[in-house]
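To start, the structure under review is shown below, and the notes come after it.
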Amino acid sequence: MRLTVITLAATGTGARQVLDGAQVSDLLWVAATAEDRLEHISVRCAPGRLHLGIFTLEPPGAAAALDICRRALAMSPLLRDWSVHAVRPA
């Protein structure tokens, strides 16, 4: 299993917003496909920041975690003002 740590950052009016971690986790699960081989998601929320721990099976690993985030950002109105700030394979 591969852990990828991804930080999402809010812009504009969302910069002070604190999202619900369970809701964000649900959005990521919806955005995942079978090919991503997603196993577990951990979410830590702070004002204007989301710290995600995404566990996937190898392969595809870190690339799949980033793809999941990008799909969630594109499809969810809740994440409209958010973007990927940092990606760190652990």
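I68 and L57 fall into different hydrophobic clusters, where Ile, Leu, Val, Met, Phe, Trp and Tyr side chains are chained together by heavy-atom contacts under 4.5 Å.
Applying the side chain to side chain donor-acceptor pair (under 3.5 Å) test to R2 and every residue at least two apart in sequence or in another chain returns E58. With sequence neighbours excluded, no residue satisfies ring-ring contact (aromatic ring centres under 6.0 Å, His included) with H51.
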Worksheet item: Which is it for L8 and L73 under the side-chain contact (heavy atoms from CB on, under 4.5 Å) test, yes or no, and what are the steps along the way?
Response: CA-CA 10 Å; L8 302 181; L73 290 169; 4.3 Å; yes

Worksheet entry | L79 vs L19, side-chain contact (heavy atoms from CB on, under 4.5 Å): CA-CA, chis, key distance, verdict | CA-CA 9 Å; L79 299 175; L19 298 182; 3.7 Å; yes

Worksheet item: Would I6 and H85 count as a side-chain contact (heavy atoms from CB on, under 4.5 Å) if you check the C-alpha gap in whole Å, the side-chain angles of each, and the deciding distance to 0.1 Å?
Response: CA-CA 8 Å; I6 297 177; H85 178 71; over 6 Å; no

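Closest heavy-atom contact between A64 and T56: CB-CG2, 4.4 Å. When all heavy atoms are compared, the tightest approach of T4 to A62 is OG1-CA, 3.2 Å. Nearest heavy-atom pair across L38 and F55 is CD1-O, 3.5 Å. Of all the heavy atoms in R49 and A9, the pair that sits closest is NH1-CB, 3.0 Å.
The shortest distance between side-chain heavy atoms of E35 and D67 does not fall below 4.5 Å. Q23 has its side chain within reach of L78: a pair of non-hydrogen atoms, C-beta onward, lies under 4.5 Å apart. In this structure the side chain of C69 reaches within 4.5 angstrom of the side chain of L52, judged on heavy atoms. Between L66 and I54, every side-chain heavy-atom pair lies at or beyond the 4.5 Å cut-off. The shortest distance between side-chain heavy atoms of V30 and M75 falls below 4.5 Å.
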Could you give the side-chain donor-acceptor pairs of residues 40-47 under 3.5 Å, partners two or more places apart or in another chain?
none

